[in-house]
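Below, chain A is the first sequence line, B the second, and so on; all start at residue 1. If you're wondering where the values come from, they're calculated on a predicted model, not measured in any experiment.
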Amino acid sequence: METAITIFLGILSGYFAIGLLFALYVMLIGARKIDPLLADSKKGIRVLLFPGVVATWPFFFAKLFRFRRS
Amino acid sequence: MGLDYKWVLWNAHKKTYDRLILLGMVTYLVLFFVLSFLTNPEIIAETVIIRAFGSLAIIMLHIILAIGPLSRLNPRFLPLLYNRRHLGVSMFLAALVHGVFAIIQFHALGNSNPIVSVFTSNMDYGSLVNFPFQVLGFLALLILFTMASTSHDFFLHNLSPKIWKGLHMGVYLAYALVIMHVFLGAFQQDTSFLTVLALFLGLITLVSLHVRAALKEAKIDGFVWAKDTKGWLAVCHPREIAESYAKIFTVDGERVAIFKHEGKLSAIHNVCKHQGGPLGEGKIVDGCVTCPWHGYQYLAHNGQSPPPFTEKVKTYALKIENDMVYINPEAFPEGTAVTPISSGS
Ligand code: HEM
Ligand code: FES
């Protein structure tokens, strides 16, 4: 059981650590690549969106990748 | 639908509802504190905080889960549905205070990482009665965090509608985890019998509301309408539709909403272009049919979103004969204008 807990919490903290870095990148630099609408919105809105990007970063990661290639 | 993102798409109603939410939460917390200290002067403040915010969160969760079926059964609950998002975020914040205080109180004093301690301080995972119930609360809080943090329209646009919907169905999983968190916790803490009883009644209420709403839906789909000679279907009396609301009918396998706006009837396809929300369960706000799910708007007479928006739904021809509303089951193309017919009331 202890191994299972260690693995689970390891994955969880890794997920959130990557999410934090990724969300910082998105909100500071890559916003318009994710959603052009963000470029026209007030900057403060990004603070509100930040935690959600941390939570769902893999979806945005995929999106960023598609954008790069097209 | 938006052209840029705002913190909140404010309107007067949302502000009123937000004030009500805040007022309700503060009143509950104050009452909880006063009653706790009156009945047990020795109780420590941290314990009261943990209990007050935990029980507040679960009460709010019940309200959130009841709003969906309630507004299907009775449109008078719709304003609550339109304002459910902020209720969800506030509920998460209450649960967060509960979780954080519980972790500080029970897990922050040892050497190990407090989160690890939530999982390892009680290793009785094989037991039912002694199961580490706090783990269940932690997992529920993770789900609630994901939902609260992605509740903004931005995420609706960016995580395809399907994924967003899937994420937000997680509220049922969170509810199940919270129920077990409290029931199992009750064996180990001195949770009062009243709390457990209230939770049990809450569970029964929620299940029966959902079943009743589902039965109502099934009845709408199963009905076979009388036809006139041209194949138009007689669906209801004009007065059965309330001003600014709709009734939903299934004609030739498609759901259609017949709205009454300023005494006149118009029929549009019931399915919102955004994520398939049931337009006929919404009401007319500021002259527009307003989707109950996320508030996309359409003009009833032509199925078009007001400019600058471009969404369009199918429209249908109606007529009234012998005090019956008839609908032509052949739809017009999306966005076709149809003159509303007078309902005579
Ligand atoms: C990190 C997450 C969580 C932890 C560590 C945690 C911990 C605890 C603890 C230690 C208790 C027992 C308190 C006592 O009786 O003195 C408790 C009870 C309770 N928890 Fe949680 N919890 C968490 C998440 C949640 C969530 C997400 C909800 C609901 C949305 C919730 C709702 C409740 C309720 C209703 C009680 C019963 C309160 C009472 O005794 O009156 N908890 N929790
Ligand atoms: S389904 Fe989202 S607004 Fe209609």
Step by step, would you call B:Phe131 with B:Leu136 a side-chain contact (heavy atoms from CB on, under 4.5 Å)? CA-CA 9 Å; B:Phe131 190 89; B:Leu136 301 170; 3.9 Å; yes
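Of all residues spanning residues 138-145 of chain B, those with a heavy atom less than 4.5 Å away from chain A's heavy atoms are B:Phe138, B:Leu139, B:Leu142, B:Phe145, arranged by number.
The residue among B:Ile163, B:Thr120, B:Ile115 with the most heavy atom pairs within less than 4.5 Å of chain A is B:Ile163.
With no hydrogens or angles considered, no side-chain donor-acceptor pair links B:His168 and B:Ser151 at under 3.5 Å. With 3.5 Å as the limit, one finds a donor-acceptor pair spanning the side chains of B:Gln297 and B:Thr290.
For chain A, the nearby part of B:Met123 is the side chain; its heavy atoms alone come within less than 4.5 Å. Residue A:Val53 touches chain B through both its backbone and its side chain, counting heavy-atom pairs closer than 4.5 Å. In this structure, the portions of B:Val116 lying under 4.5 Å from any heavy atom of chain A include both its backbone and its side chain.
Relative orientation of the B:Tyr175 and B:His62 rings is perpendicular, given thresholds of 30° and 60° on the angle between their planes. A tilted orientation is assigned to the rings of A:Phe8 and B:Phe119, their planes being inclined by 30° to 60°.
Side-chain contact check for B:Val182 versus B:Phe133: every heavy-atom pair is 4.5 Å or farther apart. Using a 4.5 Å cut-off on side-chain heavy atoms (C-beta onward), B:Leu61 and B:Val171 make contact.
A salt bridge links B:Asp153 with B:Arg85: the distance from a Lys NZ or Arg NE/NH1/NH2 to an Asp or Glu carboxylate oxygen falls below 4.0 Å.
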